[in-house]
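Quick caveat: nothing in here was measured; it's all calculated off a predicted structure. Throughout, numbering of the chain's residues begins at 1 and tracks the sequence.
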Amino acid sequence: MGKAVIYVAGNPDSYPVEYYDAREGIYKGMIPRLFQEFSEGWDYDIRYYEPGEEDLREPLARDRQVDIISGCGGEESFRHSPQGEVLVLDTRTGESEISYRVLVTDAAPGQLKADLEEFLSGVSGESMAGMLIDCSKERPALYRRRTRLAFGGLGVVILGLAAGAVWLAGRCRKYRRAADKRDETDSLTGIGNREYLSHYYQQFVIRENRALYAMVYFHVDTDRMRRTGTSERTDGFLRHMASVLLNHTGDRDILARVSDQGFVMARMCPGDEELGQWVTSILNRVRSSWGEQGRYVSSGVCRLKDGDWDLDELLLNVSQAAQDACREDLDYKVCTDSWIRQFEEDRKLQEDMKRGLENQEFQLYVQFYTDGATGRIAGGEALARWGHPEKGILLPGSFIPLMERAGLMGQLDLYSLDQACGFLERLHQVGMEDFFMSCNFSLETLKEDDFMDQCREIVDTYRFDRSRLIFQVPEQALREELPVVTGHIRQMKDMGIQVALDDFGEEFAAFAEVEKYMPDVLQLDKRLVDLLGTNAGNAIVRAMVQVGHQLGIAVMAEGAQREEQAGLLRDMGCDMIQGFCFYRPIPAWEAARKLLEQSADAGKGGL
């Protein structure tokens, strides 16, 4: 098979970059030399269309009669699409800047632009400078007088080239395209941005090579980095991440930073095993340089298929896979067909959640605490169940993780607080003042600046003894020493609300932290309760109960599944015990009935 013939509409008046030599009847200059080298090494036969002194670029560009239009970097009157442009030369001397581009038209073979860019990426700046200097010595015998002005002071540029003051295209040749366009460049890292990715993805990833590409997303947990470090260090990490990825970018790859937390590469890599090794090598290099912060990076991988034409959908899938990998402590997660189906189902459920909150489909469930000394019901934990109109009652495990991803936990937390306050008011109305309700709040909810303002607005709507309301604060919030959460804790106490340190002992926190924040309640983590029955577990839990009491703090335990565990907790003096060996979560109406029965047994009237 012979070479594909490619026709060029040349610029006859851009000496010495490109010009028509009337005596020899051919085009000369740096561009023709480049086209000649391109023809010799690739499967193309580059020819100038009807060479002559007349500039035919405007009509040929308008009618798309040729494959390449040369000289598209100035103020030409003819119109052309920037999507087909290929940067050839970018020079600067003093304040003068000259750019020379060619346009690959719609009539050209589909692979031409990519091949031409790949060829040019291998031509060094020194080689182009040498070509320009050589061409400037070959002054044509005849050329039109306007040539002297054709390239905007190029004579000065040539002198600059000879002196070595040249700035050639190649600044971003590591990833092949002109990312110097401000609207396509990420300001922090200097690599391409989301627009850059969209621009070149459509051009380089085509049907014929699609199966060879994979979309790789690197998720960086910048929120956690900024909480545990500084913004300046986080920005430094992101720049380092970009540098590592840039050094691992192939000639046919597309790299971009598409969000504050995400880098994406469309990578040509035919083998899945090779791709996995490549991702792991990137992560290992980052972690070796940045230690613990390097652990805040995970990746999602999606092999492209014929139907994957929607770039937004691809990015959504692969970014979610990267976040799943982060939660599961994996290096990377692959978007398999089964994973994508599950993700689509989850997305549908997330949309239902928004409607469910608006329609009050979430119901209050209560799991009782029993008094460690008497065994009577002393309080309850407010829990949520979703009465889905199609799927029935859904447990938290099926919707809480999705709510966290969708950023809806704040709405659910405040919704549950409102229902818990309404329950306490109903108890207050019948004179039942000795029952408490504890409410869980996610760390993301607690970090909101207006969290306590919203809580105060809800609590002030109801009448009950504020000391009967307990806010559970995750131990993690205190470990990270978040000032906003510390301020919220002070406001809770000022309102008369009790504060419980939730999941205490999850990572065996120091008692110094407890003394520093002085919560009203310590809630022992279920994993500590699971250790009961062993010498070490018994000693640890007993010590926590004793120290809590010495500090004047009540101790509650959750997750007592067996009577043996409950008995040990009682013997150790644990104030409140919760677990399936006593009560399972029940609807609010059933909880009210249980309390009515206990109240009647004690001769206190009823609800």
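In this structure the side chain of Leu245 reaches within 4.5 angstrom of the side chain of Ile282, judged on heavy atoms. Looking at Val279 and Phe218, their side chains come closer than 4.5 Å, going by heavy atoms from C-beta outward. Side-chain atoms of Tyr213 and Arg267, non-hydrogen and from C-beta on, never get closer than 4.5 Å to each other. Two residues are said to be in side-chain contact when any heavy atoms from C-beta on lie closer than 4.5 Å; Tyr100 and Ser14 meet this criterion.
Using modelled atom types and a 3.5 Å distance limit, the side chains of Thr222 and Asp260 yield a donor-acceptor pair. Using modelled atom types and a 3.5 Å distance limit, the side chains of Glu18 and Tyr48 yield a donor-acceptor pair. Residues Glu54 and Tyr20 bring no donor and acceptor atom of their side chains to less than 3.5 Å of each other. A side-chain donor from one of Gln320 and Asp324 sits under 3.5 Å from a side-chain acceptor of the other. A side-chain donor from one of Asp413 and Thr445 sits under 3.5 Å from a side-chain acceptor of the other.
For the pair Arg355 and Glu351, the salt-bridge criterion is not met [side-chain N within less than 4.0 Å of a carboxylate O]. Between Asp21 and Lys28, at least one side-chain N (NZ, or NE/NH1/NH2) sits under 4.0 Å from a carboxylate O, which counts as a salt bridge. Salt bridge Glu313/Arg347: present, at least one basic N to carboxylate O contact under 4.0 Å. With respect to Arg257 and Asp186, a salt bridge is recorded, a charged nitrogen being found less than 4.0 Å from a carboxylate O. Here Arg233 does not pair with Asp235 in a salt bridge; the nearest charged N to carboxylate O distance is not below 4.0 Å. Taking the charged nitrogens against the carboxylate oxygens, Arg327 and Asp221 have no contact shorter than 4.0 Å, which rules out a salt bridge.
With rounding to the nearest 0.5 angstrom, the CE atom of Met353 is 9.0 Å from the CG atom of Leu412. Note that CD of Gln342 is 10.5 Å distant from OG1 of Thr336, once rounded to the nearest 0.5 Å.
Applying the ring-ring contact (aromatic ring centres under 6.0 Å, His included) criterion to Phe38, with sequence neighbours excluded, gives Trp42, Tyr44, Phe119. With sequence neighbours excluded, the residues that form a side chain to side chain contact (heavy atoms under 4.5 Å, CB included) with Ser198 are Arg194, Gln202, Leu311.
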Between Val104 and Glu85, does the side-chain contact (heavy atoms from CB on, under 4.5 Å) criterion hold? Intermediate values first, please. CA-CA 6 Å; Val104 177; Glu85 286 183 3; over 6 Å; no
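The aromatic rings of Trp339 and Phe343 lie parallel to each other, with less than 30° between the two planes, well short of the 60° mark. A perpendicular orientation is assigned to the rings of Tyr49 and Tyr7, their planes being inclined by more than 60° (bins at 30° and 60°). Ring planes of Tyr196 and Tyr200: tilted class, angle from 30 to 60°.
Between Glu118 and the choices Arg252, Lys113, Gln111, the side chain to side chain donor-acceptor pair (under 3.5 Å) rule is met once, by Arg252.
Side-chain atoms of Arg295 do not come within 3.5 Å of backbone N or O of Asp329 as any donor-acceptor pair.
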